[in-house]
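FYI, the numbering just counts along the sequence from 1. Here the structure is a predicted model, which means the values were calculated and not measured. In listed order, ligands and their atoms are each counted from 1.
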Amino acid sequence: MGKLDGRVVIVTGAARGQGEQETRLFAEEGAKVVVADVLDDQGEALAKELGALYAHLDVSREDDWRAAVAAAKGAYGRIDGLVNNAGILRFNKLVNTPLEEFQQVVQVNQVGVFLGIKTVAPEIAEAGGGTIVNTASYTGVTGMAYVGAYSATKHAIVGLTRVAALELAGKGIRVNAVCPGAIDTAMTNPAQLDPNADPVKAAEGLDAYYRKLVPLGRVGKPEEVARLALFLTCDDSSYITGQPFVIDGGWLAGVSAL
Ligand code: NAD
């Protein structure tokens, strides 16, 4: 028996990183996963490997959401879960951030989550209830200099999560957020995307950097975030809704006096 047997779940930004690991774990647990991303080659390859459905979905485009929902319903007849995982990061001082850059981050991270809830929640309600997991961040519950646009959107996602939980509880839909700290994906470790770099060595460098900041002394693994997303998507979390869950190796717990 899998924890998600018979459930149909859309995962956005599923072609790589945390979304890929969520897709793999959910499929292992019996879910029919809709692999949604803008990285068509990687997404299609993953879907093929898992016998899943791939949908090209730019989360900032309402038409793409409608098409992905239609494809999911065409293939599986229902939708009972959504993981809003897609996101982008840009580094800049607030006063140096071009308006277009700020708006681009809002469009993907914040509008993308809004459109996901708006488009998919009615389908989940029609299926008799289910779950939505939004990917916020450590920077959604505290500040971080030089990622102002990103942090603003991740705070917004925590707010959207709370409001959606309140509005959708009556439809049997639970809505929670994951708030990862530093996780070893291409977003934090761009060496993963550089054919001339050594991503393992780069990850060791990240560990050394985060050892000073993170009590558990290392960056997190995308598989660890996937296990939290699974918990919030399956019945193990049946009485939990409207909450942000920090998964950060203790980073947010505080600072050391020595
Ligand atoms: P990643 O860059 O490997 O994955 C992001 C995925 O989102 C990619 O597959 C990308 O193609 C997809 N994506 C980007 N724009 C999209 C769009 N408009 N429509 C659809 N898909 C799009 O990084 P990741 O770490 O796996 O990121 C997953 C989520 O976790 C993001 O929301 C990110 O902000 C969040 N997060 C990451 C970290 C970290 O340290 N890696 C920490 C906290 C939160």
At under 4.0 Å between heavy atoms, what of Q42 touches ligand 1? The answer is neither
for atom 32 (O) of ligand 1, nearest protein heavy atom and its distance come out as N85 O, 2.7 Å
Ranked by distance from atom 36 (N) of ligand 1, the top protein heavy atom is Y150 OH, 3.4 Å
Heavy-atom gap L89 to ligand 1 smaller than 4.0 Å: no
The closest protein heavy-atom partner of atom 20 (C) of ligand 1 is L57 O, 3.0 Å
shortest atom 37 (C) of ligand 1-to-protein heavy-atom contact is with Q18 NE2, 3.2 Å
Side-chain donor/acceptor of R218 to backbone N/O of E204, under 3.5 Å: no
Are any of the N/O atoms in I183 less than 3.5 Å from those in ligand 1?
yes
Exercise. May I ask you to decide if L39's main-chain N or O and Q42's side chain share a donor-acceptor pair within less than 3.5 Å?
Key: no
Query - Side-chain donor or acceptor of Q21 paired with backbone N/O of E223 under 3.5 Å - result: no
Taking only non-hydrogen atoms of S137 and a 4.0 Å limit, the atoms of ligand 1 in range are 43 (C), 44 (C)
Margin query: Using only atom types and a distance under 3.5 Å, with no angle test, would you say the side chain of N96 pairs donor to acceptor with the backbone of K93?
Written below: no
Handout entry: N176 side chain to T161 backbone, donor-acceptor under 3.5 Å
Key = no
Near G181 (heavy-atom distance under 4.0 Å), the atoms of ligand 1 are 38 (C), 39 (C), 40 (O), 42 (C), 43 (C)
the protein heavy atom lying closest to atom 21 (N) of ligand 1 turns out to be A86 CB, 3.4 Å
Does an N or O anywhere in T185 fall below 3.5 Å from an N or O of ligand 1? yes
Correct closest heavy-atom pair for N189 and A202 would be OD1-CB, 3.2 Å
Whether W251 and Y138 hold their rings parallel, tilted or perpendicular, with breakpoints at 30° and 60° | parallel
Atom 43 (C) of ligand 1: closest protein heavy atom, distance to 0.1 Å, is P180 O, 3.1 Å
* State if A136 counts as touching ligand 1 under the rule of any non-hydrogen atom under 4.0 Å. => yes
Atom 5 (C) of ligand 1: closest protein heavy atom, distance to 0.1 Å, is G87 O, 3.9 Å
Scan side-chain atoms only and decide if S237 and R174 contain a donor-acceptor pair under the 3.5 Å cut-off.
-> yes
Honestly, for A14 the part within reach of ligand 1 (heavy atoms, under 4.0 Å) is neither
Here the atoms of ligand 1 under 4.0 Å from any heavy atom belonging to G17 are 3 (O), 26 (O)
Of Q104, R16, M187, the one whose closest heavy atom lies nearest atom 3 (O) of ligand 1 is R16
Can a donor-acceptor pair be found between the side chains of D40 and Y54 at a distance below 3.5 Å?
-> yes
query = Sub-3.5 Å donor-acceptor pair from the side chain of S151 to the main-chain atoms of T139, do we have one?
reply = yes
Under 4.0 Å from one or more heavy atoms of T135, ligand 1 contributes atoms 29 (C), 30 (O), 32 (O), 35 (C)
In ligand 1, the atoms that come under 4.0 Å of a heavy atom of A182 are 40 (O)
side-chain contact (heavy atoms from CB on, under 4.5 Å) with N84: of V59, V133, I117, T135, only one passes, and it is I117
among protein heavy atoms, the one nearest atom 9 (O) of ligand 1 is D37 OD2, 2.6 Å
Q: Might you work through the side-chain contact (heavy atoms from CB on, under 4.5 Å) test for K73 and E126, ending with a clear yes or no?
A: CA-CA 11 Å; K73 285 190 79 180; E126 199 181 295; 3.4 Å; yes
Numbered in order shown, the ligand 1 atoms found under 4.0 Å of a heavy atom of T188 are 39 (C), 40 (O), 41 (N)
If we number the atoms of ligand 1 from 1 as shown, the ones under 4.0 Å from a heavy atom of V108 are 15 (N), 18 (N)
task: Report yes or no: does N85 contribute a side-chain atom to a donor-acceptor pair with the main-chain N or O of N134 at less than 3.5 Å?
output: no
Quiz item: Any nitrogen or oxygen of K154, main chain or side chain, under 3.5 Å from a nitrogen or oxygen of ligand 1?
Solution: yes
So the atoms of ligand 1 within less than 4.0 Å of a heavy atom of D58 turn out to be 17 (C), 18 (N), 19 (N)
